[in-house]
Each structure stands twice: as C-alpha cells, then as structure tokens.
Amino acid sequence: MVTRRQALVAVGASAGIVASYRPARAAASRPTVALTLPLTGVQATVAKELQLGYAAALSDSADLLVLDDESKAEKTAANMTAFGADSRVIASTGIVGTPHAKAALPIAIAAQLPLVGIRSGAGELRDANPWVFHLRASYEQEIEKVLETAAVFGNLGVMYSEDDFGRGALAHAEKVAAAKGVKIAAKFGVERNGSNVKAQADALARAALGGSVGATLLCLIQTPALAATKELRGTHRLVIPIFGMSFIATSTLATSRDPAFEGLALVSPFLLARISVAEMARSFRDRMVAAKTEHLIASPTAFEGYFYGSVLADAIERGGPSRKAVQSYLLQQRAIEVKQIPIRFDERRVGYHYLALLRKTGSMLRA
C-alpha cells in the first residue's frame, strides 16, 4: 500500500494543474489512476509534459497518484508493485520506455491492474494480454513510415540507443532498409543518458562528409536525439536530412528557434493537436489555456498524455470505477468514440493506429 505521505510527495509536481480542475464530486468517492514516470533524470521533460496532459484529462474522473521511477526499470517495477497492492488504484498508465514496460507489465498483469496507454511502441509488448491496452502505432510502423521518405536519399547512417528500444529499432530499420534496397552504411550506438553522443555524432558527420551517408535516422530518446541534431547541424553544418522518432516531440523541440532543428523530420502517432479540429484536440487546447500552460499546445508529448488520459476517463465514466469495470469496457468488440476519436482495440489490444510525418519549421512543428 502506498502511504499518504508517499502519495503527497509524488503528486506535488502536478498539484497546480490538478487544483485548476477541481471536481464537483466529493474526493472520497473518486477512484485513483496511478502513473510511474521518470520525473527526474534524462527523460524528465517528457515525463512532466505527459503528467500535465494526464492531469488535464483525468481531473473530472479520478485522482492521480504519481511516483518517480528516475528512468530506471527496477524502480518502474517497484512502483507498479505498489500500485497493484493499493486497492484505491483502478488503472495505471504513464510507463515511459521499452525496458521499463518490460519490467512493469508482468507485475500489473499479475495484479489484474489495467494498463491503458504505454509510451513504448515495441512490438514484442503487443501480445494480446487482456489487461494491457496500447494506444499508439508501433515503433516498427514508425520506422517504416520514416523510411518511405528517408530511402530516397541513399545510404543511411543510424544513431541508436544502447538499450532494448534502440537495438530493436535498429534491427527493424535494417530489415526495412534491406527490403527497399537501401543500405545502412553506418551505425552508432549511444548511451541512454547521452554520455557519448558527441563522439558518435562526430563519427557520423565524418561518414557523411566522406560521402558514405546521405541521410540520418535517430533511434534515440529525446535528450540525446536533440543533442545529436545540434552536433550534426550546428557544429558540423551538415545539410543531409535528419529523421527522428515520435518521442522527441516535446515543447522543447516544438517551440525552439534553434536553427539546428530547422527541417528536422519526425513521425507522430497522434494528430497534430495545435491545428486539429477534432474535439479531442480542441478540448486539449482549452485545458492548456485554462491551466496557463499554453506553450504545451505545441507539444505532441503533452497531447499524448491527454489522449491516454481521455480514453481512461471515458472508461471510468462509462464503464465504472473498478479494475474489472475498466477492463470489461475496453474489451468491447466495437469502436468507442472518445471526443470524436474512434478507439477500437484489435486482436493485439492496439486501439489507435495513426501516423504522420511532421517537420520542424521555425518555432513550430508542421504536418
């Protein structure tokens, strides 16, 4: 059981936005949704933007319990163990990263705790378990989408994260590239914390300047991906195309005016909330304005949290405030419309399939 003191400490960072949406119901009657997020460490920016999105979406339906996992898989597992043992917690979400999801999913499944929305697109996690509900396209599909465009630029150089996510993404990129007749001419492993990103970017730049690489694919998490881009474009003045994956799209990138990011392409598994006319996007924009966090309207990461939270809020409100009720509602064999977005979980428990290629232009991301 998570103690009251632990809960208060964990949710302290989000208290402002939660207080902005005070529910009409008595707090004692509200269920709890638990999040394990890397609020400190290399993924802190990602975690905080996700958290604000979740808080805005769930404020009328549930209380949030948020614990920091410091981007460590063993802490993610420990947090999930605490959630599973806490009778107040009816669902969990917020896991960031493939290694962390691999550590936490078996614990949630054993506790019969629904996991709704995971920030990992690893195909190996999509095994149709009835307690796990995915709400984004897979990393494999992201890579395929990127290579539809990247392949026209000739040989590729790939910088990849030295972890389960990065190695899996590289393996799939090699498979897709081979099928398209494209050669991956250079591969550079980067530590998850980015400690060797400069050296690896320097090596890739030499390969590009020597003519052996015509475009670059970054299979990296946000902090090292942006650092690599600054090295390649800023320090080395490379003009070759650079492609990134979805999880680098926080407000840090979206609103930056750094010329090193100009033209950076990345794939998104969600519609662009800044301009979409769907109710999901409109309500997200309204909530961000009300919370005085307008800068997050440009963040696909904040919208991802809002998206997952909205699906969970719908399941709680229309299914019921218990673990079994949430699971049963999401297991329906029909489309569930959530703020004009149809959600239907297929045989692999993936409920939303969408991909678009975005491009960084000026101080915003454009479709």
Side-chain angles (χ1 to χ4, degrees), residues 139-162 165-192 194-250 252-268 300 355-367:
Y139 290 160
E140 290 87 350
Q141 291 169 311
E142 285 193 33
I143 289 168
E144 290 163 15
K145 181 74 173 178
V146 166
L147 287 183
E148 288 175 8
T149 301
V152 306
F153 295 102
N155 292 347
L156 297 178
V158 179
M159 296 183 71
Y160 65 96
S161 185
E162 286 282 15
F165 147 66
R167 287 185 285 268
L170 172 63
H172 192 71
E174 290 179 311
K175 178 180 176 181
V176 174
K180 292 181 176 294
V182 177
K183 181 182 178 181
I184 293 182
K187 298 175 283 188
F188 305 92
V190 176
E191 296 300 324
R192 187 175 177 85
S195 59
N196 65 335
V197 69
K198 185 181 187 305
Q200 295 297 63
D202 290 349
L204 193 153
R206 288 194 294 272
L209 292 170
S212 61
V213 168
T216 298
L217 172 62
L218 304 178
C219 298
L220 301 171
I221 61 175
Q222 186 213 22
T223 299
L226 299 189
T229 303
K230 284 188 174 185
E231 286 294 321
L232 295 172
R233 283 274 175 76
T235 302
H236 295 285
R237 299 288 192 265
L238 283 186
V239 294
I240 64 172
I242 299 176
F243 296 85
M245 297 179 71
S246 62
F247 32 79
I248 70 174
T250 64
T252 301
L253 172 64
T255 62
S256 174
R257 294 184 178 276
D258 191 325
F261 298 139
E262 187 70 23
L264 175 66
L266 65 151
V267 67
S268 173
L355 284 173
L357 200 62
L358 306 182
R359 188 171 297 276
K360 173 67 175 169
T361 304
S363 61
M364 61 184 64
L365 293 169
R366 299 181 186 274

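The chain is numbered in sequence order, starting from 1.
Counting only distance, with no hydrogens or angles, the side chain of Lys198 and the backbone of Gln200 share no donor-acceptor pair below 3.5 Å. Although no hydrogens or angles enter the test, the distance criterion places a donor-acceptor pair under 3.5 Å between the side chain of Arg233 and the main chain of Glu262. A distance-only check finds a donor-acceptor pair linking the side chain of Lys360 to the backbone of Ala254 [under 3.5 Å]. A side-chain donor-acceptor contact under 3.5 Å links Arg359 to the backbone of Gly263. No donor-acceptor pair closer than 3.5 Å links the side chain of Thr229 to the backbone N or O of Phe261.
When all heavy atoms are compared, the tightest approach of Val190 to Pro224 is CG1-CB, 4.2 Å. Scanning both residues, Ser246 and Ser268, for their nearest heavy atoms gives CB-CA, 4.4 Å. Counting all heavy atoms, side chain and backbone alike, Ala249 lies closest to Pro300 at O-CD, 3.1 Å. Annotation for Gly154 and Val182: closest pair O-CG1, 3.5 Å, computed over non-hydrogen atoms. Of all heavy-atom pairs spanning Gly189 and Asn196, the tightest one is O-ND2, 3.2 Å. In terms of heavy-atom proximity, Leu218 sits nearest to Ala225 at CD1-O, 3.7 Å.
Atoms CG and CE, from Leu204 and Met159 in turn, are 6.0 Å apart once rounded to the nearest 0.5 Å. Rounding to the nearest 0.5 angstrom, the gap separating the CZ atom in Phe188 from the CG atom in Leu220 is 12.0 Å. To the nearest 0.5 Å, the span separating CZ on Arg167 from OG on Ser161 amounts to 8.0 Å. In this structure, CD1 on Ile221 lies 12.5 Å from CE on Met245, to the nearest 0.5 angstrom. Distance check: Leu226 CG to Thr252 OG1 gives 7.0 Å after rounding to the nearest 0.5 Å. Atoms CD and NE2, from Glu231 and His236 in turn, are 5.5 Å apart once rounded to the nearest 0.5 Å.
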I would like to know whether Leu238 and Leu209 meet side chain to side chain contact (heavy atoms under 4.5 Å, CB included); could you show each step before the answer? CA-CA 8 Å; Leu238 283 186; Leu209 292 170; 3.7 Å; yes
Run the side chain to side chain contact (heavy atoms under 4.5 Å, CB included) check on Leu266 and Leu365 step by step: do they pass? CA-CA 9 Å; Leu266 65 151; Leu365 293 169; 3.8 Å; yes
For side chain to side chain contact (heavy atoms under 4.5 Å, CB included), just list the numbers for Gln222 and Phe247, CA-CA rounded to whole Å, side-chain angles, deciding distance to a tenth of an Å, and then say yes or no. CA-CA 6 Å; Gln222 186 213 22; Phe247 32 79; 6.0 Å; no
Walk me through it: do Ser363 and Thr255 pass the test side chain to side chain contact (heavy atoms under 4.5 Å, CB included)? CA-CA 5 Å; Ser363 61; Thr255 62; 5.5 Å; no
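The closest side-chain heavy-atom distance from Leu253 to Leu264 is below 4.5 Å.
Relative ring orientation between Phe153 and Phe243 is described as tilted, the plane-to-plane angle lying within the 30° to 60° band.
Applying the side chain to side chain contact (heavy atoms under 4.5 Å, CB included) test between Leu156 and each of Ile240, Leu147, Val213 identifies Leu147 as the sole match.
Environment of NZ in Lys180: crowded, with over 12 heavy atoms of neighbouring residues, nucleotides or ligands closer than 6.0 Å.
Salt-bridge check for Asp202 with Arg206: failed, with every basic side-chain N at 4.0 Å or more from each acidic carboxylate O.
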